[in-house]
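What follows is a set of notes on a single structure, which appears directly below.
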Amino acid sequence: MLILAVDTATTVASVALVEGERLVAEEVLNIPQRTHSERLLPVMARVLAGAGVEIEEVDGIAVSAGPGSFTGLRIGLGTGKGLAQALDKPLVTVPTLDALAYNYFFPGALVCPLLDAKQGYIYTALYRGEEAGLERLTDYLALTPAELTGLLAGREEPVIFSGDAIGLCGEAVAKTGARAFLVPAASRLPRASSVAFLGRRALEENPGGVPLTVEPLYVRKSAAEINLEKKESDSGGGNG
Amino acid sequence: MAGLLLGIETSCDETAAAVVAGGRRILSNIISSQVELHQPFGGVVPELASRKHLENISPIVQEAMKAAGVTWEELDGIAVTRGPGLVGALLVGVTVAKAIAFARRLPLVGVNHLEGHIYSNFLAHPWLEPPFLALVVSGGHTDLLQVLDYGRYRLLGQTRDDAAGEAFDKVARVLGLGYPGGPRIEAVAREGNPEAIAFPRAVVKDAPFAFSFSGVKTAVLNYLNRCRQRGETIAVADVAASFQAAVVEVLVERTLAAAAACGVDRVAVCGGVAANSALRSLFQARSAEAGIEVLYPPPVLCTDNAAMIASVGYYRLQAGHTASLDLNAVASLPLASWG
Ligand SMILES: [Zn+2]
């Protein structure tokens, strides 16, 4: 089964092609100055051409679904939807944090992927390596770095930190002391190959894929919705 | 070639897809409005619009293809709005259109939304050919331009501040009529006297065919404040009718003056405000005496739609103006000639 995967959740644009357990081709572009809209399809065209694969040969499309940059997520998922619809192939979505944690599976160790959510927030979730694979222990969260320190307090296991927001979480990492392991810089970037491997697993469980109305994992509401809810609870709160 | 194009439009708060043959014949025209989603906010919320477009786009495209009875193999190209508009909203359409074009190896055409509105008249009036004068009047635009040929335009004037439709929205809000403002004001104005209050008709110095609507909006605000200070009840219908009359008169008179100045005897009005009945009846009254023919698309083609985008796409594709895979959305895309 040939899976084409896309990750544009962060400033990184990545496209990968995997067949079974084999990574056939992958490209990772980390050029924040240029938009995903301009880069993504040219990257995909190069990956396919490099692998000598025609787009019609692909059996399924996997997309990194978030959390991440709202616009980036829409470009990734919009591309996945367009491909799936035009090729009549199944689409699956993979949580971005699952994909970021995927490569660091050690039984007994925790994995803590960290993504910059901007405005003083990070996206994270906590995973533990089990015999069968990584088990997610928390929801997909939007936290302040201080709240992350609280999330990790009282844990005894080693913690593997990854993602582009490690630098924002210095205090949480420091408090983990000798139990903290930092993934090397080049390996902290989201990679579409992880999305592809997890996507293949999702497709084996659900061969039809997800409906094309699927939404990204935004995790956070839009500022307008938060303001409206605040206004409504301020004015209506007294009555009940 | 039959010239079958799939059009996609997501520049503001309508998710739309359509299939058009030969730039003129509509095979399907599917529009999903987000008005209810944005109503509690009193205007379009860009992030919510983008989210809704992405949720809706694939079923809308599917419906357009199915209603047209067209398969991917039969298509000759994909046309998509690349600007002007809300950049996040535009990106959804551009992204999906590029992916479909890439997957099906179809030529892709990036289209200017404003140009789309002009071409809605080609869909409505299959006999229409350039040259003519176009008035594009909507919530985002008030532009007067000469259509010299397919893809050849000369801008005569545009608004210096608010678009006409934007002024309708803002006045509707202060009158407590809600969103969207255009249809609400039009409905209430039917019960009012358009001559009750003399709101200003702004002229732009040294630009005979330009518009300005912030003055009339401010005049309405000042009038309402004065009434409130004096404790007078506000005749909402009279305010709405008088405001509408002021805007409509400026649009009609300036357009007909431009037609006379350019020696053109045919005017195509388009955009959301082109559906306004007061605008249509004043055009009808004044154009006959000036010997000018005024055309409008039906209401479904006045609102944002993808059929008009596919129409532009057909003519651009014929002229060889296709886009590459790095096509991007542009929030403030000027209308440029290509023909
Ligand atoms: Zn429009």
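Lettering follows sequence order; numbering is per chain, from 1. Keep in mind that this is a model prediction, so the values were computed, not measured.
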Which heavy atom of A306(B) sits nearest to which heavy atom of G7(B), and what is that distance? CB-O, 3.4 Å

Between the side chains of H53(B) and T15(B), does any donor sit under 3.5 Å from an acceptor? yes

Using a 6.0 Å cut-off, check whether atom CD of E56(A) has over 12 heavy atoms from anything other than its own residue. yes

Side chain, backbone, both or neither: which part of R105(B) has a heavy atom under 4.5 Å from chain A? side chain

How about F70(A) and Y218(A): are their ring centres within less than 6.0 Å of each other? yes

Assess, by modelled atom type and distance only, whether the side chains of E9(B) and S11(B) contain a donor and an acceptor separated by less than 3.5 Å. yes

Under 3.5 Å donor-acceptor, D164(A) side chain and D116(A) backbone: yes

For P216(A) and L77(A) the tightest heavy-atom approach is N-CD2, 3.6 Å

Out of T95(B), L91(B), V92(B), return the one with the most heavy atom pairs under 4.5 angstrom to chain A. T95(B)

Supply the atom-to-atom distance D7(A) CG to S64(A) OG, rounded to the nearest 0.5 angstrom. 3.5 Å

Can you tell me if R25(B) has over 12 outside heavy atoms packed within less than 6.0 Å of its CZ? no

Counting heavy atoms not belonging to Y102(A), are there more than 12 under 6.0 Å from its OH? yes

Spell out the residues in residues 188-210 of chain A that have some non-hydrogen atom less than 4.5 Å away from a non-hydrogen atom of chain B, in order of number; otherwise answer 'none'. none

What part of S222(A) gets closer than 4.5 Å to chain B, counting heavy atoms only: side chain, backbone, both or neither? both

Under 4.5 Å from a heavy atom of chain B, the part of A84(A) involved: neither

Determine which residues belonging to residues 22-40 of chain A lie within contact range of chain B, meaning some heavy atom pair is under 4.5 Å apart, and list them by number or answer 'none'. R34(A), T35(A), S37(A), E38(A)

Counting heavy-atom pairs under 4.5 Å with chain A, the top scorer among V45(B), L327(B), L54(B) is L54(B)

Structural part of P40(B) lying under 4.5 Å from a heavy atom of chain A: both

Using non-hydrogen atoms and a 4.5 Å limit, figure out which bit of Q85(A) sits close to chain B: side chain, backbone, both or neither. both

Go through the atoms of V61(B) and report whether side chain, backbone, both or neither lie under 4.5 Å from a heavy atom of chain A. both

Side-chain heavy-atom pair L83(A), K89(A) within 4.5 angstrom cut-off: no

Any salt bridge linking K217(B) with E166(B)? Criterion: basic side-chain nitrogen under 4.0 Å from a carboxylate oxygen. no

Least distance between heavy atoms, L333(B) atom then G83(B) atom: CD2-O, 3.6 Å

Taking every non-hydrogen pair under 4.5 Å, which of L228(A), N227(A), L73(A), V214(A) racks up the most with chain B? L228(A)

What part of L48(A) gets closer than 4.5 Å to chain B, counting heavy atoms only: side chain, backbone, both or neither? side chain

Does the structure place the NZ or CZ of R184(B) under 6.0 Å from the centre of the six-membered ring of Y179(B), at an angle of no more than 45° from the ring's axis? no

